[in-house]
Number of protein chains: 2
Amino acid sequence: MRSSAEHEIHRAGLRVTAGRLALLEVLDRFPHSDAATLHRHLVETDASISIQSVHNVLSDLTAAGLLRRIEPANSAALFERRVGDNHHHIVCTSCGAVADVECVVGHAPCIAPSDTAGFTLATAEVTFWGLCAPCQKLHVVPTKEIHD
Amino acid sequence: MRSSAEHEIHRAGLRVTAGRLALLEVLDRFPHSDAATLHRHLVETDASISIQSVHNVLSDLTAAGLLRRIEPANSAALFERRVGDNHHHIVCTSCGAVADVECVVGHAPCIAPSDTAGFTLATAEVTFWGLCAPCQKLHVVPTKEIHD
DNA sequence: GCCTTATTTTTAGTCGTTCACGATAAATGC
DNA sequence: GCATTTATCGTGAACGACTAAAAATAAGGC
């Protein structure tokens, strides 16, 4: 059984290595993970890979367009395999959990601010903040005040 | 002449110190600055303040609601005095310059994603990416590919 | 002006990430 | 298959941004 990951890496002009395959596989199971978390999962399963190599692989695959890197405030860089669409994210202010969010309004409204101050607009990135279901149950009060 | 900054700090229940006043004044002239930049401006003008104290003051004033902290990807935390509204930002992918952007569509559409995956939604944060006017003139090609 | 305690300084230390470089192993050509 | 090339990985060190702890200082109420 030949994984699609193998094809993807090869098509990107990169060498197919055990580390890259393993990382893509783990990232499939745990999207929105940071480098340290991915490294932990990797050493747990089998592959011996250094944390620096994890950063290396993440950087290479992101540059190749196989991964998307997001960087919510107060958090390390997170990675996901879902690329090529303009979906957004919602982040839990209490525990940092991240979920994908489809932009209901489509592209146009969000990407058309009234005044771009002379900037040429390329992309719009939306991050939603809130409480995830488990944290709601725990009655955890978010540390940041939310005034309307 | 009593500065409004003095009142603001006092009203927040914080002590009015030279460092805090100086930082607010510098941040007025250079919005969207990071701690290191602010520190540089401060030591240039007059006030001898340590970089750690700058972080301290920024943290205190942000917690008190006098400052807003933003954290664009690939950048240190930036601060601005404009608080209490829901304006967004546009960041230059080439030089990192930041400008304020009013959200033309208002509140509702952006803050109403179709599915929040069980999250309770609190706020929406929009970051626009593009090229600032000076970087456009320099014909600088952004390092990230822009498809569509 | 004094006293309490918030604030600042000083000094270390942490976290996430990048860099340099020798060691290793994919992929190409034979 | 096997050798060669060179992309990739491991190791170790370093970096920037930020936080922590403790001692020194100074704001502001009395």
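A, B, ... follow the sequence lines: proteins, then strands. Residue 1 opens every chain. Just so you know, these numbers use all the heavy atoms, side chains as well, and skip hydrogens, waters and symmetry mates.
- When rounded to the nearest whole Å, the span between CG of B:Leu58 and P of C:dT7 equals 14 Å.
- Using modelled atom types, one finds a donor on one side chain and an acceptor on the other under 3.5 Å when comparing B:Asp100 with B:His32.
- Taking the centre of each ring, B:His89 and B:Phe128 stay at or above the 6.0 Å mark.
- If you chain together ILVMFWY residues whose side-chain heavy atoms come under 4.5 Å of each other, B:Val91 ends up grouped with B:Ile70, B:Leu78, B:Val98, B:Trp129.
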Practice problem: For nucleotides 24-30 of chain C, just jot down a letter per nucleotide in 5' to 3' order: B, S or -, based on protein non-hydrogen atoms under 4.0 Å. | Solution: -BBS---

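- In this structure, the helix from C:dG1-D:dC30 to C:dC30-D:dG1 shows an angle of 40° between the axis at its start and the axis at its end, each fitted on 5 base pairs and rounded to 10°.
- B:His88 has its side chain out of reach of A:Val126: every pair of non-hydrogen atoms, C-beta onward, lies at least 4.5 Å apart.
- Contact annotation: A:Ser50 side-chain N/O to D:dG10 OP1/OP2 distance is under 4.0 Å.
- A donor-acceptor contact under 3.5 angstrom links the side chains of A:Ser53 and A:Ser50, judged on distance only.
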N/O donor to acceptor pairs below 3.5 angstrom from side-chain atoms of residues 20-28 of chain B, sequence neighbours left out:
unit_1	atom_1	unit_2	atom_2	d
B:Arg20	NH1	B:Arg15	O	2.9
B:Arg20	NH2	B:Asp60	OD2	3.1
B:Glu25	OE2	B:Arg29	NE	3.1
B:Asp28	OD2	B:Arg81	NH1	3.0

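- Going from atom CD1 of B:Ile9 over to atom P of C:dA6 covers 17 Å, rounded to whole Å.
- A donor atom on one side chain and an acceptor atom on the other are found under 3.5 Å apart for A:Asp34 and A:Thr37.
- Spacing between atom NE2 of B:His39 and atom P of D:dC18 amounts to 14 Å, rounded to whole angstrom units.
- For the residue pair B:His87 and B:Glu80, a side-chain donor N or O sits within less than 3.5 Å of a side-chain acceptor on the partner.
- Among residue pairs with one or both ends in residues 118-130 of chain B, none qualify as salt bridge (charged side-chain N to carboxylate O under 4.0 Å, His left out); sequence neighbours excluded.
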Quiz prompt | nucleotides 15-22 of chain C: protein proximity per nucleotide (B base, S sugar-phosphate only, - neither; heavy atom, under 4.0 Å) | solution = -SBBB---

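- Put simply, the side chain of B:His39 gets close to the backbone of B:Ile49: a donor and an acceptor are under 3.5 Å apart.
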